Amino acid sequence: MKDRLQQLLDEALARLRAEGVLPADAPPAAVERARDSAHGDFATNAALVLAKAAGLSPRTLAERIVAALPQAPQVEAVEIAGPGFVNFRLRPDAWLEAVRAALAQGEAWGRSEAGRGRRVQVEFVSANPTGPLHVGHGRGAAYGDAVANLLEATGWAVEREYYVNDAGRQMDILAASVWLRYLELCGEPVAFPANGYQGDYVFDIAADLHRADGEAHRRPWGEVARGLPPDAPEGDQERHMDALIARARELLGPESWRRVHGIGLEVMLESIRRDLEAFRVRYDRWFSERSLVEGGAVARAVERLRAAGQVYERDGALWFRASAFGDEKDRVLVRESGQPTYFASDVAYHLDKAGRGFERMIDVWGADHHGYVPRLRAALAALGIDPERLEVRLVQFAVLYRGGRKVQMSTRSGEFVTLRELREEVGTDAARFFYVLRSAEQHLDFDLDLAKSQTADNPVYYVQYAHARICSVMRQLEAKGLAHDRARGLAALGRLTEAHERSLVRTLARWPEVVEAAAAARAPHQVAHYLRELANDFHACYNAVPFLVDDDALRDARLALILATRQTLANGLRLLGVSAPESM
RNA sequence: GCGCCCGUAGCUCAGCUGGAUAGAGCGUCGGCCUCCGGAGCCGAAGGUCAGAGGUUCGAAUCCUCUCGGGCGCGCCA
């Protein structure tokens with residue numbers, strides 16, 4: 001509907017340009033939904049925006065625009081108001097088209113081809129496989145998946161990817177931690193390092209290893225600890241850990257080390273995969289960092305930067321001239337030790353993505369990584385890749401509240417709330433809805449008690465209840481020995497004249513615009529808010545207007561309206577990864 | 001110190017590329033069940049959009065500064 005009016009406006013403006021009223025390079029003007037129904041249904045500020053360029057007063061220009069507008073059957077009236085707004089009022093039945101469309105298109109209602117099949121990749125969560133997913137990752141998962149769904153719904157060819165950091169020091173620390181817990185199980189008097197992974201899951205992995213391999217990886221603690229630099233608090237915990245890892249590799253030999261390293265990775269990855277699956281998040285691809293390192297892609301990426309003349313050596317390390325591309329300082333690619341940094345593999349990773357031909361690469365990151373964005377863009381620019389293809393979406397932290405008090409989290413000590421615990425406590429539906437209820441750049445206060453409560457306060461139940469209630473009406477219909485005659489209902493849509501019905505129809509008609517806007521802004525919270533509003537309009541209608549009336553045509557028309565509402569609720573909830581129950 | 005994000009009703013937040021009297025939910029107060037699920041509906045009170053300048057026909061929205069909060073600023077990932 002909005003598109004149709006935009007067409008009319010564009011035609012009118014083109015005509016005025018042809019007549020010389022408007023200069024050829026006049027800026028575009030848009031049609032928007034009127035906020036206040038007193039201003040009609042849609043409005044355009046074209047006359048206000050273009051008045052200066054045309055050298056006319058806004059109201060005079062508005063009159064010229066109105067005169068130039070082509071006729072359209074849906075438009076009942078066009079009025080000029082205020083300083084020069086042009087307001088469109090539609091004929092009441094123009095809105096009813098939405099009911100027909102919702103029923104005819106079913107699951108496709110609201111979808112569009114705006115993306116024209118262009119390829120976009122959404123990479124999200126990508127947590128290190130060194131521990132279970134916690135509630136912070138949950139928000140990234142809910143957000144990233146919903147954004148991917150929205151892009152799919154608007155005609156993009158979407159790929160969801162998880163970047164697995166299976167190379168590097170953090171994985172080595174996990175391997176060392178697992179091995180030390182394993183040695184404890186073997187009866188060795190281990191002093192567990194301050195910097196090791198403390199969580200219970202490490203014991204579980206160690207126990208798995210012990211069950212499977214017996215004492216094959218046992219080494220005397222005295223040999224392990226011999227001559228290591230002191231741990232914190234007396235010494236440096238990082239140096240201690242590095243030495244411990246080196247010692248582990250030396251004592252275990254390559255094969256045993258790979259085994260210990262591998263079981264940690266395997267168990268954690270499997271746990272992450274299961275958590276996400278239960279959270280209704282599926283990936284097209286799990287991309288291994290190690291495959292980049294071992295395949296030489298990291299070295300090649302560094303070489304490409306070198307060939308571009310954007311690296312130099314200093315203090316024994318290899319630096320990338322990031323400051324020449326807008327970053328605040330230069331960044332190390334290869335350490336003095338010869339080890340490439342995480343940044344180097346990330347450059348290689350994004351180079352690989354770009355090479356896979358995605359028109360857009362959307363990375364969903366925790367907001368604490370924001371400082372990392374400029375250097376990655378800088379690297380892409382230095383490699384001749386348009387940095388605009390990379391879109392980094394930062395998701396702020398979620399803070400959990402229980403009983404009005406903040407729930408403390410700390411990854412170090414292993415006392416964090418895991419995504420699994422959250423899911424078990426409030427359920428996937430409530431968790432996913434709450435996570436996307438606020439815009440991503442907003443800190444999220446996640447009230448566990450509210451998410452669990454089965455009351456009107458809880459927006460998830462409110463929306464789901466609307467869906468279940470419509471299903472219940474249909475069951476009642478059946479119990480009365482009646483059936484819905486869709487054709488008869490659609491033919492009688494003109495009889496939906498009650499204020500609540502008209503309001504519901506208008507909200508319904510907005511759905512395709514909501515999907516498009518939410519996708520464009522990468523803002524699934526707009527869908528959540530819309531669903532709340534739609535449910536509200538439905539509940540109001542439910543209380544004001546009886547559906548199962550004796551008049552067959554009127555009944556079928558009203559049922560067509562609420563079935564269209566049910567379809568819209570279901571489509572919206574699906575985009576957010578939330579179920580639409582038939583009864584609750 | 002520098003950089004990024006944020007500051008809107010008692011609380012939690014919307015407010016789409018600047019647009020016409022600033023919107024929801026919760027909470028508070030007052031109403032609505034002989035009827036399709038009361039997990040519902042209706043109404044009322046409640047705001048100097050942190051503050052000060054500026055741009056504009058028009059600013060919660062854009063620019064500058066100040067104040068307040070969060071997060072970054074590693075040869076960690």
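Lettering of chains follows the sequences in order, A, B, ..., and the numbering in each one begins at 1. For clarity, every value in this text was computed on a predicted model and none was experimentally measured.
Here the CG-CG distance, from A:N165 to A:D346, works out to 8.0 Å after rounding to the nearest 0.5 Å.
A straight line from CZ of A:F42 to P of B:rA20 spans 17 Å, rounded to a whole angstrom. When the P atom of B:rG40 is taken as reference, atom CZ of A:F547 falls 16 Å away, rounded to whole Å. When the C1' atom of B:rU12 is taken as reference, atom CD of A:Q442 falls 10 Å away, rounded to whole Å. Separating the CZ atom of A:R393 from the C1' atom of B:rC5 is a distance of 14 Å, rounded to the nearest angstrom.
Taking the six-membered ring where the residue is Trp, A:Y162 and A:W286 present parallel rings, their angle staying beneath 30° rather than reaching 60°. Between A:H529 and A:H525, the ring planes lie perpendicular to each other; the angle is over 60°, past the 30° to 60° tilted range. The aromatic rings of A:Y435 and A:F446 sit perpendicular, their planes meeting at an angle over 60°, well past the 30° parallel limit.
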* Using a cut-off of 4.0 Å between protein heavy atoms and nucleotide atoms, how would you tag nucleotides 72-77 of chain B 5' to 3' with B, S and -? -> SSSBSB
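Partner assigned to B:rC62 is B:rG54, using Watson-Crick or G-U wobble distances below 3.5 angstrom. With both pairing distances under 3.5 Å, B:rG40 is matched to B:rC32 as a Watson-Crick or G-U wobble pair. Searching all strands for a Watson-Crick or G-U wobble partner of B:rG23 with both distances below 3.5 Å returns B:rC13.
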List, with names and distances, any nitrogen or oxygen atoms from the protein found under 3.5 Å away from nitrogen or oxygen atoms belonging to nucleotides 15-19 of chain B.
{"unit_1": "B:rG15", "atom_1": "OP1", "unit_2": "A:H525", "atom_2": "NE2", "d": "3.2"}
{"unit_1": "B:rU17", "atom_1": "O4", "unit_2": "A:E32", "atom_2": "OE2", "d": "3.4"}
{"unit_1": "B:rG19", "atom_1": "N7", "unit_2": "A:N45", "atom_2": "ND2", "d": "2.7"}

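A:E516 and A:T154 share no donor-acceptor pair across their side chains, judged by distance under 3.5 Å alone.
With hydrogens and angles ignored, the 3.5 Å screen pairs a side-chain donor or acceptor of A:W319 with a backbone N or O of A:R314.
Within 4.0 Å of A:Q464, counting heavy atoms only, lies no atom of the nucleic acid at all. Heavy atoms of A:V460 sit nowhere under 4.0 angstrom from any nucleic acid atom. Contacts of A:A34 with the nucleic acid, taken as non-hydrogen atoms under 4.0 Å apart, are absent. Across all strands, A:H39 comes closer than 4.0 Å to base atoms (heavy-atom distances).
Syn is the classification of B:rC33, since its glycosidic angle stays within 90° of 0.
The pair A:D551-A:R555 fails the salt-bridge criterion, with no side-chain N (NZ, NE, NH1 or NH2) lying under 4.0 Å from an Asp/Glu carboxylate O.
Under the 6.0 Å distance and 45° angle rule, A:R377 does not count as a cation-pi partner of A:F325.
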* Could you check A:Y542 against A:H500 for ring-ring contact (aromatic ring centres under 6.0 Å, His included), going step by step and ending with a plain yes or no? => CA-CA 9 Å; A:Y542 180 95; A:H500 285 100; over 10 Å; no
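Between A:L394 and A:D445, the residue whose closest nucleotide on RNA chain B is further toward the 5' end is A:L394.
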